[in-house]
Every structure is written in structure tokens, then in C-alpha cells.
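Worksheet: one structure, shown below.
Please read these numbers as outputs of a predicted model, since none were measured by experiment.
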There are 2 protein chains.
Amino acid sequence: MITKVLIAEDHESTNISVQKTLEELAIINTAYVYYCDDALNRIAQAVSAGSSFDLLITDLFFEPDSNKQTLSGGIDLIAAARIVQPDLKVLVFSAENRPATIDQLCHNYDIDGFVRKARNDARELKEAINEIAQHRRYFPRHIRQLIEKKNAYSFSDFDITIITLLAQGILQKDIPAHLQYKGIKPSGLSSVEKRLNQMKDMLGFTKNEQLVAYCKDLGAI
Amino acid sequence: MITKVLIAEDHESTNISVQKTLEELAIINTAYVYYCDDALNRIAQAVSAGSSFDLLITDLFFEPDSNKQTLSGGIDLIAAARIVQPDLKVLVFSAENRPATIDQLCHNYDIDGFVRKARNDARELKEAINEIAQHRRYFPRHIRQLIEKKNAYSFSDFDITIITLLAQGILQKDIPAHLQYKGIKPSGLSSVEKRLNQMKDMLGFTKNEQLVAYCKDLGAI
DNA sequence: CCTTTTTTTATGGGAAACCGTAATTTACTG
DNA sequence: CAGTAAATTACGGTTTCCCATAAAAAAAGG
């Protein structure tokens, strides 16, 4: 059963509607914060006081302002929160739609649900909370489809490094030098060319610009 | 005095919090829609019935779905609404933060206010409605600063077309043919090269891959 | 209508990318 | 440790990109 919930969300309007959604689910013991650091403090305080939160609903991106934060965003918050309270359930509520990021949340951070800020997000939020209350995970169909799409072709660290360098304006012929500097092997120009060709073949592309665009869409770079 | 308000916003959660904000301002005669076309219909109906809206609060970006729309977004909606009801006041409530777009809204579409989805957006929304009720315009300080800081480089349709073609894998030397096919002038290869160089100069880039990555980050392509 | 200015297009040389192949190094096996 | 297989790197020819300059076309001004 979920009775005590913490909302971490920098947009006041979104914060309000999440509160309203919780009210409609008859969850009255809620706290809300606008900064990640505040969220972590609240979680730690609640654990110390023996009245820990059942669920954290958090955004991923928090706009920086004059109030300097140690936690840079939702992902950092989740990692930190899991240390002070390993059994805390986490529901991510974000506009994020890059498959790689959502996939990372599922597999590396083991979150309990993801609701994307979109058309029916309030309804999905209610469904998610109900599911999580019954110790089930909640990922809407369109999110699962996004994750599957990511697995269409998975890039290695080597791939990502090369494409990142290209996207930074490094000449292809200069990539070997950068790879050697980073201590990455192989580093030969032919190996770089071979890998780029394999990726383009796999995806039916002909130009590096397509790879950059594709990786940006996926959030891989 | 503002008594009748229409909310056009595709995100259910945001839509809810705008309604709640209006309630708190004791504005009870509200309607809300999730699609642009519905918004225009409502406005037209209200005009016909002699009970027109005082204010339209609209988002800019509406995510496409199976429900095909003739109006492609908030800007189209504003233009269409102004035709059926020229005296309709318009408050844009959007996450948009590109100076060029906001500037365009102010000067070409003559909107009455802009509130950006951000930290204190609910408070700003109330302030904006109060200001507009007194026939004043409302643009928060940080929005005015964004508009002033128009030194940021903004892409033309021509720029976007070229970069989109590159991101689709079209060879640079083949772009003139595509431009001619689309009836876009200029279409010479030198013109394409010139424009690309200008963009790269402006942004301190050296390679087209950087432009593609930059535009992807901006959501321009 | 002609001149001046600006914009667009054409051209050519040099740099980078592309692509196949050969040489070299590394890894694996008996 | 030799021998084979695999991966990596090096090299050369072709295409594309890049960049400077010149020619042509369009726009602006008197």
C-alpha cells in the first residue's frame, strides 16, 4: 500500500497536477519539492525519523537556476535515494522520449515505472501508482515500444566514442589520435572506417550525418 | 474582465493544473480541449452563439497522434482564431525557449502574454491572467531577456531544409537537385556551401556533423 | 535604360572521405 | 615455439567535400 509520497518536480504547474492526481487516489500524506537536493534531504530525514516514503515521483531534467545543486537531475537523485533507502519505489514522470535514457532507467536504476508527459499522462499516472502499490512495474505500451526500438541495433562504447567525436567536429582522419590519447584500441583509421561502415550497413545509411542524427534521436550521444 | 476561457493543451496533467489555476482565480466558465482543431471549433461556435471566449490559453507544440489535425500547432491555432475572433486575447503557455519563436509570437502574432513552463509557471500564469484582464500584456523578465538576446543564431527554412537533407544521407552535391524539385531558390551548390559555411562560422563549427547534432538538440530537425 | 550592387551560379585545385586490397600485428592452437 | 586464424593497420585510387575565385544573373538606384 502506498500512503506517503514525495514529488520532485521543478515545474510548479506539473507539481500541482501530480498533487491533485494523488488527492484523487486518496493519498493525502504527500510532500513536494522543486529541487533534487531538497528531495534527497526529505528522503533521508524521513528514514531517520522512521517514517520513510513509500514512493518517489520524480522528473528527470531540473532546470538550473541560482540555487546551486549537488544533484544534477533525476537520475542522480534516484541513485542517491537508493543508497539512503534501498526499498524506495521510484516512478519517473518526464517528457524524456529518448529510448536509451528510458532503457538505462529500467535496467541500471531499476525504476518501478515510467510515465511520459504527454496526452494521457494524468490517467497513466494513476494507473502507474495503482500498479506500483501492488508491487508491479508500470511501463505503458508506447514506452515498451521505444525500448524495443532501441534494441534494433545496439552501439558499443567504441561506436559511441567514434560518433561522438564526429559530432564534435573531429575530422575522421584525426580520430585515431584521439582514440590513442584515450587509450582505446583499436585506433587505426581503417578500423574506424570499418566500424562506421558496419554501422551504416546495419541501419541502411550512407552518410555519417545520418548516424549522428540517429544517435541523437536515441539519446545515445 | 475575463470570465470565459478556453484551454488548448495536449498534456492532460498540464491541462488539469491550468484549470486549477483558473479555479483559484474564480474563473469558472472554462473549456478545455486536447487538440488544436477542437480549439478552433469551440472558438467559432462560441462566436456564432454570441458567447465568445475572453481568453485563449494555448500550448505551442501538440504531439501528433492518430487523430489527424488540420492545424499543426499553437501558432496555426492563433492565426486561425484571430480570423474568426479578432478581439480574442491570447496567452501562450509553452516550454518553448527559443528566442526567435517567442519574438515571432510577440511581433507577428501580437499575443497578449507568454508564460514559459518552468519553475514558477503557476504563479506567473495567475499574474499573466490578471494583467491581461486589465488589458495589459504580460511577458516575464526572463522572457524579455530572451527576446533581447536575439544574438543567438536562428535557422531559416532554407537552413533547416539543407540540414534535414544532410541528416537524411543526401550527398551535398545532390542537394541542388532536391532543392529544385521542391521549387526552392536558390538551389546552386555554391549557395548551399555558402549557407553551410555561414552557419558553421556563426556557431564555431567546422563539420556538417556538428550542425546535425546541434539541430537535433534544438529540435529544429 | 544603364550602372552599380548584391546575389546566385560555375569552375578548378587541394583536402578529406570512401573503398578495396595488401601488409602487419595480435591471438589462438597444437 | 611454430603455424594458423583473426584482427588491425597501412596504402593507393576514386569520389566527394571544401574553398577561393570568377562569371552570370538578379535587384536596386538614379
Item checked: Pairwise 5' ranking along DNA chain C for A/Ser190 and A/Leu166, keeping only the more 5' one -> A/Leu166

Next item on the list: Let me know the distance between NZ of B/Lys173 and C1' of C/dT9, rounded to the nearest Å.
Entry: 17 Å

Check: When the distance from CD of A/Glu193 to C1' of D/dA10 is rounded to whole Å, what number comes out?
Finding: 11 Å

Notebook entry, point to check: If each of B/Lys207 and B/Lys185 is mapped to the nucleotide of DNA chain C with the nearest heavy atom, which maps nearer the 5' terminus, i.e. the 5' end?
Noted result: B/Lys185

Check: Can you tell me how far the OG atom of B/Ser17 sits from the CG atom of B/Leu125, to the nearest 0.5 Å?
Finding: 7.5 Å

Notebook entry, point to check: Can you find a side chain N or O atom of B/Ser191 that sits less than 4.0 Å from OP1 or OP2 on C/dT8?
Noted result: no

Margin query: Under 6.0 Å from the ring centre and within 45 degrees of the ring axis: does the NZ or CZ of B/Arg119 meet both conditions for the six-membered ring of A/Tyr35?
Written below: yes

Next item on the list: Establish whether the base of C/dC18 is bridged to the side chain of A/Gln172 by a donor-acceptor pair shorter than 3.5 Å.
Entry: no

Notebook entry, point to check: Closer than 4.0 Å, any side-chain N/O of A/Ser187 to the OP1 or OP2 of D/dT8?
Noted result: no

Check: Just wondering, are more than 12 heavy atoms of other shown residues or ligands nearer than 6.0 Å to OH in B/Tyr138?
Finding: yes

Notebook entry, point to check: Whole-Å distance between D/dC17 C1' and A/Glu209 CD?
Noted result: 10 Å

Next item on the list: Starting at atom CG of A/Asn208, determine the distance to atom C1' of C/dA17, rounded to an integer number of angstrom.
Entry: 8 Å

Checklist line | B/Asn197 side chain near D/dC18 phosphate (N/O to OP1/OP2, under 4.0 Å) | finding: no

Notebook entry, point to check: Hey, does the Lys NZ or Arg CZ of B/Lys200 hover above the aromatic six-ring of B/Phe205, less than 6.0 Å from the centre and inside 45° of the axis?
Noted result: no

